[in-house]
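Taking it in order: structure first as structure tokens, then the write-up.
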Amino acid sequence: MRFLLTDEQSDLARTLASLLAASDVPGVARAWAAGDLAPGRALWARLAKAGLFALAVPEEHEGLGPLPVELAVAFVELGRYGVPGPLVETVAAAALLPAEHLPALAAGDLAATLTLPGGSPYALDPHAAALVLTVSAQGGLYAAPGHGEPLPSMDPARRLAVPAAGGALLATGVPTAEALRRARLLTAAQALGVGQALLERTVAYVKQRTQFGTPVGAFQAVKHRLADTLLALEFARPLVFGAAVTTADGDVAAAKLAAGGAAYRAARTALQLHGAVGYTQELELSLWLRKARPLRDAWGTPAQCRAEVLARYGEAGRTATARLTT
Amino acid sequence: MRFLLTDEQSDLARTLASLLAASDVPGVARAWAAGDLAPGRALWARLAKAGLFALAVPEEHEGLGPLPVELAVAFVELGRYGVPGPLVETVAAAALLPAEHLPALAAGDLAATLTLPGGSPYALDPHAAALVLTVSAQGGLYAAPGHGEPLPSMDPARRLAVPAAGGALLATGVPTAEALRRARLLTAAQALGVGQALLERTVAYVKQRTQFGTPVGAFQAVKHRLADTLLALEFARPLVFGAAVTTADGDVAAAKLAAGGAAYRAARTALQLHGAVGYTQELELSLWLRKARPLRDAWGTPAQCRAEVLARYGEAGRTATARLTT
Amino acid sequence: MDLTPTPEVTAFREEARAWLRAHVPARPLPSLETAEGFAAHRAWEARLSAARWSVVSWPERYGGRGADLERWLVFEEEYWAAGAPGRVSQNGISLLAPTLFDHGTEEQRARVLPPMASGEVVWAQAWSEPESGSDLASLRSKAVRTEGGWLLSGHKTWSSRAAFADRAFGIFRTDPQPAAAGRPHRGLTYLMFDLRAPGVTVRPIGRLDGKPAFAELFLDEVFVPDEDVIGEVGEGWRIAMSTTGDERGLTLRAPGRFLAAADRLVRLWRGREGGAADTALRDRVADAVVGARAYELFTWASAARIAAGRAAGAESSLNKVFWSEYDIALHETALDLLGADGELEGTDWAEPYVFALAGPIYAGTNEIQRDIIAERLLGLPKGRR
Amino acid sequence: MDLTPTPEVTAFREEARAWLRAHVPARPLPSLETAEGFAAHRAWEARLSAARWSVVSWPERYGGRGADLERWLVFEEEYWAAGAPGRVSQNGISLLAPTLFDHGTEEQRARVLPPMASGEVVWAQAWSEPESGSDLASLRSKAVRTEGGWLLSGHKTWSSRAAFADRAFGIFRTDPQPAAAGRPHRGLTYLMFDLRAPGVTVRPIGRLDGKPAFAELFLDEVFVPDEDVIGEVGEGWRIAMSTTGDERGLTLRAPGRFLAAADRLVRLWRGREGGAADTALRDRVADAVVGARAYELFTWASAARIAAGRAAGAESSLNKVFWSEYDIALHETALDLLGADGELEGTDWAEPYVFALAGPIYAGTNEIQRDIIAERLLGLPKGRR
């Protein structure tokens, strides 16, 4: 029992962070939002080279994984830097796709998006994906033959469309639950990173912005609001990594609930404490501000996650959410 | 249209407030809690003389009412001074009792308590009531032949017991809904007064208490918490008086929800800002602190009130909660 | 206490309702934060004005009906209940017009108000500067005396409507001496100016959803004739403060808006499959209904006090905090009710949600409003501000 | 990252569970804030101690098992899951003992710790004074030098457990000079004293529910021998601060308490008729489950950092704010689930609810904790305090 990132896991975070810091991700995201996918695809390739997608693919299919903790580490950074595209969806698809697709996915040559039965009818960014997947209630995996017109989200870096029904049957009896777990866990990790970015930027802003002759960050109301934001993020973080370790459905739902809520709270705080300047599209901050709420709901709204937490509570073999041990 | 208390209504509040200020209500409430009902009964008689119960009784039965606005005005003061006993219940009973009981009730010679179908099984302070009433689902009004052992509430000035079934049938086809409306409206008014007392005392305390060389009330976190408490009370107040004017079920439920919530919030604030001293039984503050939550739930929990608000929303003849006019 | 309208008020309500029912566009106009939508909203103002519904509380000679506060509130309730368009002339009607009534000359009122009422001239406000958000007294933009008027120079921002509006109003430093001597509230003057005058550069700013809901104004020796100074030179702060008070009070946020929004929310909730069983959402919908009713009754109480000759004062801070937080909660509930569609840009709820998010920031941040509530209504000690 | 216990830890857990299952009283003991309950809880401590379960993390020579942090957390989880009684020796075990380990002499440890472990001597804390709640540095109670020791005089309050306890510990001003010179944190000394010594008057204070959960202490020249001074004379503040850190950290609030409470809450919810359909309550129950899990994992992460040699520091303020607000929310949910019974004094939930209400106040108010979080963890400017 040692609930701490290993040195290798911390190194992975640092490697990705420095790759992303050097990649003008805000520019990439703006281009993505404007429909120019080329910079995003170039970034995707660099992330693949750093091993991102390999983490989702078993070794026998030219991957390194699946390594949920490493994936969670990576997705926190992806959220923190605001990387656009169906990243979560591609990693979730790795749990479903037949073996022949996996080497390409691991290498970053296969962007996928998907819907799952019982979830949202929309697939994220199908115009940017080589494969748009749907899964039938019986566990049949289909390559959708197309999709509806992508609709703009309030996050301009996201577009949503309903995949067309039918298409080629790629596999049967696919592990839908595992795909949902991955999508939910990594969306939680991404949301945590988004919340962290919002908090970091807001803290920096209130230290520097003065009103009435004082840094705004010296006002107790501002301090306490930021303290609460940190609190929510810091108690979501162990849930995200705990869920990555146990991969228990209840833990994953708890992580999603907490991280999504903390990110949205961070967005509200960031907006309020930046004042009017935070309300503009121009400020880089808006990249994260507009992402928080969609991520809070994607792959499990708060209500869905709460229901899941209680449905799984006390499940055989996992005392409590799961309680750590028995 | 003039949504302001008349001079007469304001005078009523002032009259009751000065009567209560001169009555050592904290002492009365402590005695009541200890089982000594005499001081409470003496206060009851003084309130009756000031016309309190007459407000609930029609003129033809030696009353002055029913005057819901005046009753609401009065119950705000009763809450503000923390008067114990089945006051709300007696006024609600006036809507149910046969005419022969009403002159005594108006004169303050008849304390009653009751349960209503679908509500709490407990009657408040039956040991202090001359009549313990129950109403059957068919609208039969019974004088209960006794009651279970009174159980202590977390508010020591309240005791609760289940009335015995059966007893003398006093009337049939009684207006249960009107009794519930009254009980709910006046509990809301009482809660508003409780919240107001908590806020007043807390504001006074934080002005005088110093820590770190500063009055506690100069800290922005303290100021904002008190501002929010005032806000909740000041937006509950027009709901209480609006409900007294329209007597619409939706309005009454809204008033109860808002006033009960505001009072409980005021209690949490008062406790936190008084610090340890607020957590003691000794401080007079505890009189109101412990009353807020029971009043929030009595005659309609927040969940029940919310359900009622929506059930009544858009009812024919009352657009909106009710919307004021059509 | 009385909540019964007189027959005259009821007749007024019915007249308004009938006209609105006949004239409100069946389909929502395009967003007023776009060039196309701005033009459509301006045309709507002209229609409203032709029927004398654009400024019911103004005197008849400027295009109004001389309606009292009660009628104004009734009109607003009907207006929003009818689903009528947002008011592109809002800034002029609720911020500049009250100032002209209090501090303008009759010549100014006769010249400025009728075209404001008809939407022929749409006004933008020009208060904030980059370094002066909450701290308005630290304004730097200046007006320098010249032959027959003043030359404005400086940099204004968060000027709502300015991307498409015709004229603007704001305060400018006409005398730098008092500020240099530590009295920054003095030496400011209230002026109106033309957004198309030489020397004005308007740079639209995209709101969170990208729409140019406000703009920066770069002013370089923009000429303003003396006739466009409101009140006395050097008294701009005092004059602006009374205007700011109005922005926070009744004039900007009539309860009708929130009553209508709560009504739409209930319809959304009732129309949802299996919605009623979800008590978590039901509770939030109920809270929206209760909040709208509370705000309505709070406003009626304020109106009655004002009618009885008592000033509104710091209670307008309670008002501001309440509606701004209410508005966000209501729209968050709506988005949650929409489920997977909640994040789409194209729903009826997306733009009002983004608009609501700004509520706790503008017209005095809610942090400042809470300070005011604590200090002026509760008498708590002034903290550092 | 690893959440798998070693076989040794699992064996330890099973041993604890088996013992607790066999020995935890079937019916809850009377409230520990009553004379009868205090005695019953003291007897329970003796039983715990005889089986060496009272202080598992202490060295064996003082009655412990030398358990590491992991085992301690496992023990606490099992302890609360078994529904075992509250710990009447808590103040001594979690506040005084760590101080003795860090700053006491071997003679003091040998003399004080074993009877603390067995419940033979129950300790009360004596920190606060009437004018010093959050502002501990302003303490006035003094200790004056005398032959072979010190004479304590002054007035302490909010001394939890003191109504029935045997001894107490606290800090006293031994040198008034530094305070007079504006350095109130200096000149304080950490002392232990006997609550039954001549000169001590204990006045119990009734908590909100009337139970004497704390007391005032009036001290009039109470003799304390030199052997009961902990650490150096004049260094009491520094010593107390490290103790306060523990009170806020792991030692006081193991996650087991909250895991067990969440478990009870779920059982209450599941046992309720029609409860599952009420999503508003369901959501709050789920939040309690998630919060307990978050607190558990947060604590495991802290324990792992501590085990890796990194100090806890200001993160204990996050911890304090979290559990104290969590605890109230959980108990409020329970009362709401109880319906009409929620207000009764006699339910299993009433006393813990009242106890939870104190959480945001003691061990450093949550307002102060938020200041610490903002200043030390986020680096925001120090405000007035």
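What you see is a predicted model; the values in this text were computed from it and never measured.
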Among Thr246(B), Val240(B), Val245(B), Leu239(B), the one residue meeting side chain to side chain contact (heavy atoms under 4.5 Å, CB included) with Leu297(C) = Leu239(B)
Roughly how far, to the nearest 0.5 Å, is the CG atom of Asp287(C) from the SG atom of Cys305(B)?
-> 11.0 Å
side-chain hydrogen bond (donor to acceptor under 3.5 Å, both in side chains) filter on Trp53(C), not counting sequence neighbours, yields none
Under 4.5 Å from any heavy atom of chain C - which part of Leu4(B) = both
Among Val266(C), Val285(C), Val9(C), Leu377(C), the residue with the most heavy-atom pairs under 4.5 Å to chain B is Val266(C)
If you tally heavy-atom pairs under 4.5 Å against chain C, which of Arg225(B), Arg237(B), Lys207(B), Glu200(B) wins?
-> Lys207(B)
Can you tell me how far the OG1 atom of Thr4(C) sits from the CE atom of Met1(B), to the nearest 0.5 Å?
-> 7.5 Å
Answer yes or no: is there a donor N or O on one side and an acceptor on the other, between the side chain of Lys223(B) and the main chain of Leu378(C), under 3.5 Å?
-> no
Looking only at heavy atoms, what is the nearest atom pair of Pro238(B) and Ala294(C), with distance?
-> CG-O, 4.2 Å
Side chain, backbone, both or neither of Ala253(B) within contact of chain C (heavy atoms, under 4.5 Å) | neither
Do His224(B) and Ile373(C) come within less than 4.5 Å of each other through their side chains, counting heavy atoms only?
-> no
In Å and rounded to the nearest 0.5 Å, what is the OG1 to CG distance from Thr6(B) to Asp2(C)?
-> 11.0 Å
Do you know which of Val222(B), Asp228(B), Val69(B) has the most heavy-atom pairs with chain C at a distance under 4.5 angstrom?
-> Asp228(B)
Ala254(B) and Val290(C) have their tightest heavy-atom pair at CB-CG2, 3.8 Å
Side-chain heavy-atom pair Arg2(B), Trp300(C) within 4.5 angstrom cut-off | no
Are side-chain heavy atoms of Met1(C) and Leu5(B) found at a separation under 4.5 Å?
-> yes
May I ask you to name which of Ala303(B), Ala227(B), Gly261(B), Pro215(B) has the most heavy-atom pairs under 4.5 Å with chain C?
-> Ala227(B)
Considering only heavy atoms, which portion of Ala308(C) lies under 4.5 Å from any heavy atom of chain B: side chain, backbone, both, or neither?
-> side chain
So which residues of residues 229-236 of chain B are in contact with chain C at a heavy-atom cut-off of under 4.5 Å?
-> Leu230(B), Leu231(B), Glu234(B), Phe235(B)
What one should report as the nearest heavy-atom pair of Tyr313(B) and Leu259(C) is OH-O, 4.4 Å
Got a second to check how far Phe241(B)'s CZ is from Leu3(C)'s CG, nearest 0.5 Å?
-> 12.5 Å
What is the distance from atom CZ of Phe3(B) to atom CD of Glu70(C), rounded to the nearest 0.5 Å?
-> 13.0 Å
Under 4.5 Å heavy-atom distance to chain C, tell me which part of Ala307(B) shows up: side chain, backbone, both or neither.
-> both
